[in-house]
Amino acid sequence: FWERSTEEFRFNVMISIFISMFIFAFIGAISPGPVNIIAASTGANFGFRAVFPHILGATVSYTLIVFLMAVGLDQVLAIFPQFTSLLKYLGGAFLLYMSYKIATAASFETNDLSANKETLPPSFIEGMLSQGLNPKAWMVSMSGVSLFVLPNTPTYVYIMAFSMISFVACFIGIGTWAAIGQLIGRFLSTRKRQITFNVFMGLLLASTVISILAN
């Protein structure tokens with residue numbers, strides 16, 4: 001009886017931790033940030049389907065970050081803090097480049113995405129880079145690993161659980177921004193509105209990146 005009660009208690013504790021993992025990961029994924037701004041802008045310009053490579057790339061990248069943090073990269077970063085600064089400025093430069101692409105994107109009066117390479121939606125690789133070079137992703141994953149993985153055993157179970165939960169939460173979070181962007185796109189019926197929206201989103205992304213660099 002006591003063994004059964006102990007097993008049930010451990011199972012209930014594990015489930016509660018997994019639920020907390022999802023809530024934490026989802027809040028981190030859906031909160032405003034560079035990757036979500038890119039998703040919303042792309043959704044407005046090209047529709048949800050065209051954002052899918054960006055969503056998948058960013059989600060895969062974030063899952064890898066969580067996994068690497070969980071297996072000990074956080075300790076490496078503590079020993080070599082220079083890597084954090086390097087990541088911060090490399091990421092800032094790439095995300096500023098993405099903000100430039102968004103702000104200078106042409107209007108989307110045509111559905112022919114191959115008409116102009118400069119107005120193509122972000123690719124899978126660009127989605128991975130946007131997330132992989134995003135300082136916010138590293139900070140959130142480090143916090144999550146510290147809260148939900150390191151204090152619990154068996155460690156490998158919590159590493160895999162947090163990685164899979166992060167994948168699902170990240171996909172839903174970025175996808176939500178892309179869907180909102182697609183809804184906004186319905187109101188951008190004129191070339192002037194489209195260009196104004198693109199400039200606004202580009203400036204919003206740039207300001208977000210600058211605030212990250214400033215901090």
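Residue numbers count from 1 along this sequence.
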Quick one: CG on Leu188 to CG on Asn198, what's the gap to the nearest 0.5 Å? 8.0 Å
In the single-linkage hydrophobic clustering (I, L, V, M, F, W, Y; side-chain heavy atoms under 4.5 Å), do Phe200 and Phe187 co-cluster? no
Value rounded to 0.5 Å, distance of CH2 in Trp177 from CD1 in Ile184: 8.5 Å
Side-chain heavy atoms under 4.5 angstrom apart, residues restricted to Ile, Leu, Val, Met, Phe, Trp, Tyr: same cluster for Ile19 and Phe11? yes
Would you confirm whether the ring centroid of Phe148 sits within less than 6.0 angstrom of the ring centroid of Phe24? yes
Val35 with Tyr100, same ILVMFWY side-chain cluster at under 4.5 Å: no
Apply side-chain contact (heavy atoms from CB on, under 4.5 Å) to residues Asn45 and Phe197 and explain how you reach the verdict. CA-CA 9 Å; Asn45 279 273; Phe197 175 78; 4.1 Å; yes
Of all heavy-atom pairs between Pro34 and Leu205, which one has the smallest distance, and what is that distance? CA-CD1, 3.4 Å
Check: Phe46 and Leu120 side chains under 4.5 Å, non-hydrogen atoms: no
So which heavy atom on Val66 is nearest to which on Ser141, and how close? CG2-CB, 3.8 Å
In terms of hydrophobic clustering (I, L, V, M, F, W, Y; side-chain heavy atoms under 4.5 Å; direct or indirect links), are Tyr89 and Trp138 co-clustered? yes
Could you tell me the separation between the CZ atom of Phe22 and the CD1 atom of Ile172, rounded to the nearest 0.5 Å? 4.5 Å
Step by step, would you call Ser99 with Val209 a side-chain contact (heavy atoms from CB on, under 4.5 Å)? CA-CA 9 Å; Ser99 68; Val209 174; over 6 Å; no
Where do Ala137 and Ile65 come nearest, in terms of heavy atoms and distance? CB-CD1, 4.1 Å
Would you call the rings of Phe171 and Phe167 parallel, tilted or perpendicular, taking 30° and 60° as the class edges? parallel
What are the two closest non-hydrogen atoms of Gly202 and Ile102, and how far apart are they? N-CG2, 3.7 Å
Quick one: do Ile38 and Leu183 end up in the same hydrophobic cluster if we chain Ile, Leu, Val, Met, Phe, Trp and Tyr together by side-chain heavy atoms under 4.5 Å apart? no
Might you confirm whether atom CZ of Phe67 has over 12 heavy atoms from other residues, nucleotides or ligands at distances under 6.0 Å? no
Against Leu150, only a single residue in Ile159, Val145, Thr155 fulfils side chain to side chain contact (heavy atoms under 4.5 Å, CB included); can you say which? Val145
Any donor-acceptor N or O pair under 3.5 Å, side chains Lys136, Thr208: no
Rounding to 0.5 Å, atoms CZ (Phe18) and CE (Met21) come to a distance of 5.5 Å
To the nearest 0.5 angstrom, please state how far the CD1 atom of Ile37 sits from the OG1 atom of Thr42. 11.5 Å
If you look at every heavy atom in Pro122 and Pro53, which pair is closest and at what distance? O-CB, 4.2 Å
Run the numbers on Met128 and Leu64 for side-chain contact (heavy atoms from CB on, under 4.5 Å), then give the verdict. CA-CA 10 Å; Met128 286 199 71; Leu64 287 174; 4.1 Å; yes
Nearest atoms (heavy-atom pairs only) where Gly47 meets Val51: O-CG2, 3.2 Å
Taking the side chain from Asn12 and the backbone from Glu8, do they hold a donor-acceptor pair closer than 3.5 Å? yes
Quick one: CG on Asn36 to CD1 on Ile30, what's the gap to the nearest 0.5 Å? 7.5 Å
Can you spot which of Gln131, His54, Lys101 makes a side chain to side chain donor-acceptor pair (under 3.5 Å) with Glu126? Lys101
Does Ser61 use its side chain to pair, donor to acceptor, with the backbone of Gly132 at less than 3.5 Å? yes
